Amino acid sequence: MEDDFDQTLDSNYGSSHDKVIVHLDADCFYAQVEMLKNPELRTLPLGVQQKNLLVTCNYVARQFGVKKCMLVSDAKRLCPSLILVKGEDLYDYRQMSTKMTLLLQKFSPLVEKLGLDENFVDVTQLVAETLKSDFAGSRNVEGHIYGDITSRCDCGCYERLCVGSQIASEMRKQLKEELGVTCCAGVAYNKLLAKLVCSTHKPNQQTTLFPAGVSDLMLNLNNVRSLPGIGHRTSEILQSLGISSIEQLQNINLELLEHALGRTLAERLKKLSVGADDMVVKPTGKPQSIGLEDGFRKISLESEVKDKCEVLLQRLMILLAEDGRIPGAIRVTVRKYDNSSRYSHRESRQCNIPSSLFLPKVGTLSSNAHNKLLTSIMKLFHKIIDISKPFHLTLLGVAFTKFQERNTGKGSITSFLVKDISVQSVMNFQNISLHGVEAMECSSSKNAGKQSGSTLNYADKSGSESEPEPSPKKTRADFWRGSRKRSLTESDKDSPNKHRSSELRLSTGEPINEVDFSKLSDGIQEELMESCMSLPSLTDKLGISDNSTPNTSMSIEDNFQTNASQKLWKRLGSNQGPQDQ
DNA sequence: ATGGGTCCT
DNA sequence: AGGACCC
């Protein structure tokens, strides 16, 4: 009996309507970030270029027929006045992406990133809390409704998805007000449908899908390639079976499909074709790898390889310091020139590296570690390429993997920083300390300059923030609905929302590198350096998903601005958090 | 294509 | 280490 029951649940899974998933997709993300960096570009046709490819463009440019993934030359021909900005360096995009994800985590801990510009949020819990505490609330849908709604499902999903659409609306409002970013959203009962319905109204709009509209949505897809999960290779195989439309995929014999694709994939695609998807929203944690790549026309000398790798490594060290973990392995990847191949073939080699490289002694930190890493990189390169013969590379990449999370002592500076200082402040703080160590060379890097110089702090309208008082216990449901009805009233000062928004600031725009690292005592210097290379998971320690413990500290930047550094150092040394003032 | 990432085999 | 997938 019980087995039968479980099986019924299993076979239903993926098509049951018990969850509420929101998919958010930032409009032409790279172009938006560039327009926030330089608002004069807003009214002009703007394209973001990587090498000879236009990776995205704003909606002004789209009116000229310019599209994503066009050759730059083609785009220029369509729109001679097109402004082009380089987008090979993803640093600013990554920063904004992080802030978007942090903002969404206020609504649910279940936030999954897909690339830099998309997030899935499972808001099932928040919807349930809202329905419980607000059973008489209005049940209107925010934004568009996709397709049919004449027949209503009786499982309760109508009310849940309505509330989901209201949450999505609030998410988009906050993304716009706090970060300046416009997004599309899709609301549905699984990930597949939320994502598919998201793109039915663009830009800066949202759409909710109810069960009655599912069939239309699926059948209106152009071909099987539009299904997330069917890529280049699988669609070619399907094509060879005579399958190109969703309807054909729905109707093909399962055993025939299994023969071509294997059981696992065949069964998944069959379900996807009718809009069933049982994938859970998996919270995105720290990355499994951090890497940089550079593509080019031709490299055929070992010295060029070494130069390229050195530049990549230098930029990579900054990303590594910001991440805070210590990598256990390094990987080198190359792409060889191959005129006969239509498919870009890569080869890679990796090796373990000693963690001692990242536990620096002050002053000797980097030239040593840097050289050893570069030596490892070149060894790996020689495993792939026999330099006694001519070679022709079109890409080089370096990546760190196998990260270890390091636990820190309770009395350490790291422990203090992680507990009481906002995320971005810690990052800036690392950079300050790195500036003081000659070998790191952060200040000579393009990226290091960006962090203290350019303001990604676009949407910060706040003046000085007073010390927040402990907020009364509020449920998440109270929080998001409350802030929706009265936009920024007095009691919002105490809402988790407000606390988080101060954490979400990227930088104050005030130069902060006057702090003289070398004047600190040796002991403090050493502990700081260690701290910077060993910060444990910041989001975990900061309790970002736990809005019942607001962050009551000043940011470290505020300390730098109001006080000369002396007082801060004293506090750090005595292991006391900043005092309220 | 570009400059990233993911997971599975 | 490569291959599929995602953006």
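Reckoned from all heavy atoms, side chains included, excluding hydrogens, waters and symmetry mates. Being a predicted model, the structure only gives us computed values, none of them experimental.
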Residues which pass salt bridge (charged side-chain N to carboxylate O under 4.0 Å, His left out) with A/Arg94, listed by chain and number, not counting sequence neighbours: none
Spacing between A/Tyr91 atom OH and B/dG4 atom C1', to the nearest angstrom: 16 Å
A/Lys282 side chain near B/dC7 phosphate (N/O to OP1/OP2, under 4.0 Å): yes
Qualifying side chain to side chain donor-acceptor pair (under 3.5 Å) pairs, either residue in residues 287-296 of chain A, two or more places apart: A/Lys51-A/Asp294, A/Glu293-A/Arg346, A/Asp294-A/Lys308
Touch class at under 4.0 angstrom, heavy-atom based, for A/Leu292 against every strand present: sugar-phosphate
Report, one line per pair, each donor and acceptor closer than 3.5 Å where one atom sits in a side chain of residues 185-198 of chain A; sequence neighbours left out.
from: A/Asn190; atom 1: OD1; to: A/Leu192; atom 2: N; distance (Å): 3.2
from: A/Asn190; atom 1: OD1; to: A/Leu193; atom 2: N; distance (Å): 2.8
from: A/Asn190; atom 1: ND2; to: A/Gly14; atom 2: O; distance (Å): 3.4
from: A/Asn190; atom 1: ND2; to: A/Gly275; atom 2: O; distance (Å): 3.0
from: A/Lys191; atom 1: NZ; to: A/Glu112; atom 2: OE1; distance (Å): 2.8
from: A/Lys191; atom 1: NZ; to: A/Glu112; atom 2: OE2; distance (Å): 3.2
from: A/Lys191; atom 1: NZ; to: A/Val280; atom 2: O; distance (Å): 3.3
from: A/Lys195; atom 1: NZ; to: A/Glu118; atom 2: OE1; distance (Å): 2.9

Touch class at under 4.0 angstrom, heavy-atom based, for A/Gln288 against every strand present: sugar-phosphate
Euclidean distance, atom CZ of residue A/Phe29 to atom P of B/dG5 [Å, nearest integer]: 14 Å
A/Lys191 NZ - B/dT6 P separation (whole Å): 14 Å
Sugar-phosphate only, base, or nothing, as touched by A/Gly291 at under 4.0 Å among non-hydrogen atoms: sugar-phosphate
All salt bridge (charged side-chain N to carboxylate O under 4.0 Å, His left out) counterparts of A/Lys402, not counting sequence neighbours: none
Contact pattern, 5' to 3', of nucleotides 1-7 of chain C - B, S or - by protein heavy atom under 4.0 Å: SSSSSSS
Nearest-angstrom distance from the residue atom CG of A/Asp92 to C1' of B/dG3: 15 Å
Charged N-O contact under 4.0 Å between A/Arg325 and A/Asp323: yes
Criterion salt bridge (Lys or Arg N to Asp or Glu O under 4.0 Å) against A/Glu178, the qualifying member of A/Lys173, A/Lys99, A/Lys106: A/Lys106
Sugar-phosphate, base or nothing in reach of A/Glu88, heavy atoms under 4.0 Å: sugar-phosphate
Comparing A/Ser289 and A/Asn52 on DNA chain B - which has the more 5′ nearest nucleotide: A/Asn52
Phosphate OP1/OP2 of B/dT2: any A/Arg335 side-chain N/O under 4.0 Å: yes
For atom OH of A/Tyr93 and atom C1' of B/dG5, their distance in whole Å: 17 Å
Side chain to side chain contact (heavy atoms under 4.5 Å, CB included) involving A/Lys379 - partner list, sequence neighbours excluded: A/Thr375
Distance, rounded to the nearest Å, where A/Leu84 contributes CG and B/dT2 contributes C1': 15 Å
Stretch residues 241-270 of chain A: residues that reach within less than 4.0 Å of DNA chain B through a heavy atom: none
Derivation of the salt bridge (charged side-chain N to carboxylate O under 4.0 Å, His left out) call for A/Lys37 and A/Glu34: CA-CA 5 Å; A/Lys37 284 159 72 176; A/Glu34 295 300 337; 3.4 Å; yes
Integer-rounded Å distance: B/dA1 P and A/Phe296 CZ: 14 Å
Partner residues of A/Arg77 under the salt bridge (charged side-chain N to carboxylate O under 4.0 Å, His left out) criterion, sequence neighbours left out: A/Asp74
Separation of atom CG in A/Leu53 from atom P in B/dG4, rounded to whole Å: 14 Å
Which residues share a salt bridge (charged side-chain N to carboxylate O under 4.0 Å, His left out) with A/Lys86, sequence neighbours left out: none
